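This report refers to the structure that appears directly beneath it.
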Amino acid sequence: MSFFISDAVAAAGAPSQGSPYSPVIMLVVFGLIFYFMILRPQQKRAKEHKELMDSISKGDEVLTSGGLVGRVTKVSDTGYVSIALNETNEVVIKRDFVAAVLPKGTMKGL
């Protein structure tokens, strides 16, 4: 007579007992998925960026995270890089803000 509750739900008997280890197994599976989908790629990108920061040298053409394109004129040991944007303008930025090292001759093509 009830239109809103299906007969299968209304006539349910005793609930079935699951394995006591199933929640633990699910947590482990979700942990592995989280590690391989999120943490590992992020660690790989951070390692590549650190290698990029260590490889910056005088004369490299770089792109900053702020969108500036310039040639490295001086690299300091304190973590700062001096970049010449053109013949008259030179800026000093932290080495961490270099987004990419560009191929030689990129500035001439702009």
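These numbers come from a predicted model, not from an experiment.
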ILVMFWY network linking Met107 to Ile83, side-chain heavy atoms under 4.5 angstrom: no

Single-linkage hydrophobic cluster Val101~Leu85, side-chain heavy atoms < 4.5 angstrom: yes

Nearest-0.5 Å distance that lies between atom CE in Met53 and atom CD in Glu51: 11.0 Å

Nearest non-hydrogen partners of Ile93 and Thr64, listed with the distance: CD1-CG2, 3.4 Å

Passing option when Glu61 is tested against Lys104, Arg71, Lys108 for side-chain hydrogen bond (donor to acceptor under 3.5 Å, both in side chains): Arg71

Shared hydrophobic cluster for Ile33 and Leu27 (ILVMFWY, side-chain gaps under 4.5 Å): no

Least distance between heavy atoms, Arg95 atom then Ile56 atom: CG-CD1, 4.2 Å

Hydrophobic cluster identity match, Leu32 and Tyr21, side-chain contacts under 4.5 Å: yes

Path from Leu68 to Leu102 over hydrophobic side-chain contacts below 4.5 Å: no

NZ/Lys50: more than 12 non-hydrogen atoms of other groups inside 6.0 Å: no

Side-chain (Ser82) to main-chain (Thr73) donor-acceptor, under 3.5 angstrom: no

Polar contact flag, side-chain donor to acceptor under 3.5 angstrom, Arg40-Gln43: no

N/O donor-acceptor pair under 3.5 Å between His49 side chain and Val98 backbone: yes

Expected output: side-chain Asp60 to main-chain Ser57 donor-acceptor under 3.5 Å: yes

Exceeds 12 heavy-atom contacts within 6.0 angstrom, atom NZ of Lys58: no

